[in-house]
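As the structure is a prediction and not an experimental result, all values here were calculated from the model. Start at 1 and go down the list; that is how both ligands and their atoms are numbered. Side-chain atoms are counted along with the backbone in the values below, which use heavy atoms only and exclude waters and symmetry mates.
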Amino acid sequence: MKLHLSAPQSNLIESKIQITGSKSETNRLLLLQALFKNLKIENLSNSDDAQVMRNGLGISNGTVDVHHAGTAMRFLTSFFASQKGKEVVLTGSDRMKERPISVLVNALKDLGAEISYVENEGFPPIKISGKKLSKNKVSLPANISSQYISSLLLTAPSLENGLVLNLVGKITSVPYIKMTLGLLDEVGVKTKFEGNQIKVDAKKSAKEKILIVESDWSAASYFYSIAALSDLGSEIELSSYKKNSLQGDSVLTEIYRHYGVETTFGNNGITLKKVANPNLEILNLELSNAPDIAQTIAVTSFGLGLGCHLKGLHTLPIKETDRLAAMKTELEKVGASVTITNESLSLEPSVDILENKVIETYNDHRMAMAFAPLALKTGLYIKDAGVVSKSYPDFWKDMRLIGLKGKEA
Ligand SMILES: O=C(O)C1=C[C@@H](OP(=O)(O)O)[C@@H](O)[C@H](O)C1
Ligand SMILES: C=C(OP(=O)(O)O)C(=O)O
């Protein structure tokens, strides 16, 4: 589906949006619910990624296809490997077959797991014969993806003696590891994270508990971008968010002050207000702890004609697409001057935005959602706009609530 986006009637935006539950929290809690049957979960994400995670957890024998869902692939690998009697082939989309998994497979094999590669060494699909894992200490690189670490941590309570992880190298996407530990703590699992070592105690059962998933902060980033690109006085209410969030992307509240957007908390949510014009200085950010909002920030900067230098982006090339290369290609299409390295993206200040260009989305929900706010400044086309359902199926419906109409082209 190709959508043509055009500016709303007025760039003074006033709206209230209820955003779906965090995809990251949801996929963690679904796995923990499979280990601790009496957990109840509310405000679950309605994303494709949550759906494939739920479906996968219900399969004991046969093929499990997680499509594009990275956390489902990584989290289910440890789950199946440590569940005696599970015999599965864990596969995904063509892109998923290019997203490396050897760090996790090697760690699980060191713990005694039985895993083999079905096609290419180091990549999905993988054949897993679940078994009781005897060992409980393992080292693994921490600078490639935090998901490998979260995967082992989530499964750790079901191991006979818990688990001790020694993390090698610079730890990336740290807030996601802390989210995992925070949720383990919430269900009563004892954990300790000191230096480069994480310990998780074994736990066979948990008390009945209702866990409420906070709405998705990465999804909130697109409304921050809209607020930044809109007129002074715009006000957008989003729910349901809280101040002491487990999500690292809540750093948006600080980052978007640079663009004149203030955040206030209240009524089980946040209100974004455009209170000032943007700071015209180049925005320098190190985003290794919030990789998923890099695309949003780059487009906001471009839409305001501002320069930015975003680094700490070394994980972007192995996500849904090579996000650095994709962002360079698509931003240059609309007139940006972009420089990328293997871990950074820099934008020169710009004056013109080329209108009615067709933005490719590369099977990446965040390519579609990051570019959508640019419609406040110029008409543009979004190709394969349905990709948003990976994390935010109601995205285009909510864009219409904001006044941003997408017409099928
Ligand atoms: O653990 C998680 O829920 C996630 C971790 C991050 O991946 P990396 O740790 O590979 O950066 C992030 O990009 C992804 O959207 C979700
Ligand atoms: C990278 C992402 O997800 P995953 O790694 O789970 O596919 C994302 O949602 O931006």
Side-chain angles (χ1 to χ4, degrees), residues 20-32 45 47-53 56 66-78 92-101 103-104 124 140-154 167 169-184 213-214 216-222 245-249 251 287-297 312-324 326-327 343 361-370 387-393 395:
T20 187
S22 157
K23 162 169 81 76
S24 291
E25 287 190 14
T26 295
N27 278 3
R28 283 162 172 77
L29 288 172
L30 285 173
L31 192 150
L32 292 177
S45 166
S47 64
D48 293 353
D49 282 16
Q51 193 53 52
V52 294
M53 183 74 185
V66 298
H67 303 289
H68 293 294
T71 52
M73 172 56 70
R74 281 75 180 264
F75 297 176
L76 287 173
T77 296
S78 293
S93 62
D94 287 347
R95 174 59 184 170
M96 188 52 70
K97 295 179 181 178
E98 298 169 348
R99 297 182 70 179
I101 200 159
V103 163
L104 179 57
L140 73 159
N143 61 325
I144 300 167
S145 170
S146 70
Q147 294 181 23
Y148 308 134
I149 295 156
S150 288
S151 171
L152 292 164
L153 295 174
L154 288 165
L167 306 183
K170 194 170 182 318
I171 309 172
T172 201
S173 299
V174 172
Y176 288 102
I177 295 171
K178 289 182 173 171
M179 175 194 285
T180 303
L181 295 173
L183 293 174
L184 283 166
V213 177
E214 184 185 23
D216 196 298
W217 272 96
S218 313
S221 74
Y222 311 112
S245 175
L246 288 173
Q247 300 175 63
D249 288 356
V251 71
L287 289 171
S288 60
N289 282 340
D292 291 356
I293 58 176
Q295 292 152 287
T296 313
I297 293 165
L313 306 183
H314 52 283
T315 61
L316 268 64
I318 61 166
K319 293 185 188 293
E320 284 85 333
T321 186
D322 176 344
R323 286 178 166 169
L324 291 172
M327 284 302 287
E343 65 90 36
T361 50
Y362 306 79
N363 289 313
D364 184 354
H365 53 138
R366 299 202 192 284
M367 287 302 288
M369 297 188 285
V387 289
V388 300
S389 63
K390 181 176 195 283
S391 64
Y392 192 167
F395 179 77

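Protein heavy atom at the shortest distance from atom 2 (C) of ligand 2 is E320 OE2, 3.0 Å. Nearest protein heavy-atom contact of atom 10 (O) of ligand 2 is R366 NE, 2.7 Å. For atom 9 (O) of ligand 1, the closest non-hydrogen atom on the protein side is S146 OG, 2.5 Å. Scanning the protein for heavy atoms near atom 9 (O) of ligand 2, the closest one is K23 NZ, 2.7 Å. If you check which protein heavy atom lies closest to atom 7 (O) of ligand 1, you get Q147 NE2, 3.1 Å.
By the 3.5 Å distance cut-off applied to N or O atoms, S145 is counted among the residues near ligand 1. Polar contact with ligand 1: present for S24 (N/O pair, distance under 3.5 Å). Between R28 and ligand 1, a contact under 3.5 Å exists for at least one N or O pair. The N/O atoms of G70, backbone and side chain alike, include one that comes under 3.5 Å of an N/O atom in ligand 2. Close N/O approach between S173 and ligand 1 is found [any backbone or side-chain N/O within under 3.5 Å].
Ion pairing between a basic and an acidic side chain is recognised when a charged N comes within 4.0 Å of a carboxylate O; D49 and K390 show such pairing. Looking at R95 and E98, a side-chain N of the basic residue comes within less than 4.0 Å of a carboxylate O on the acidic one, giving a salt bridge. Residues R323 and D292 are paired through a salt bridge, judged by an N-O separation under 4.0 Å between the basic side chain and the carboxylate.
Taking a cut-off of under 4.0 Å to the non-hydrogen atoms of T71, the atoms of ligand 1 that pass are 2 (C), 3 (O). Listed by number with element, the atoms of ligand 1 under 4.0 angstrom from any heavy atom of K319 are 6 (C), 7 (O), 8 (P), 10 (O), 11 (O), 12 (C), 13 (O). Near K390, with a cut-off below 4.0 Å to any heavy atom, the atoms of ligand 2 are 3 (O), 4 (P), 7 (O). In the vicinity of D292, heavy-atom distances shorter than 4.0 Å reach the ligand 1 atoms 12 (C), 13 (O), 14 (C), 15 (O). Under a 4.0 Å criterion applied to the non-hydrogen atoms of H365, ligand 2 contributes the atoms 8 (C), 9 (O), 10 (O).
L31 CG to S151 OG: the interatomic distance, rounded to the nearest 0.5 Å, is 7.5 Å. In this structure, the separation between CD on E320 and CG on N363 is 9.5 Å, given to the nearest 0.5 Å. In this structure, CE in M327 is found 5.5 Å from CD in Q295, a value given to the nearest 0.5 Å. Rounding to the nearest 0.5 Å places CG of L246 at 7.5 Å from CD of E214.
At distances below 3.5 Å, not a single donor-acceptor pair connects side-chain atoms of S221 with backbone N or O atoms of W217. Between the side chain of S93 and the main chain of H67, a donor-acceptor pair closer than 3.5 Å is present.
For H68, the closest heavy-atom approach to ligand 2 falls below 4.0 Å.
At a heavy-atom cutoff of 4.0 Å, ligand 2 is contacted by the side chain of R99 but not by its backbone. Contacts between R323 and ligand 2, counted as non-hydrogen atom pairs separated by less than 4.0 Å, involve the side chain only.
If you check the side chains of T71 and N27, you find a donor sitting under 3.5 Å from an acceptor.
Distances from atom 6 (O) of ligand 2 to the heavy atoms of D292, D216, T71, I318 put T71 nearest.
In terms of heavy-atom proximity, P291 sits nearest to S173 at CG-OG, 3.8 Å.
Heavy-atom neighbours of K97 NZ from other residues, nucleotides or ligands within 6.0 Å: above the threshold of 12.
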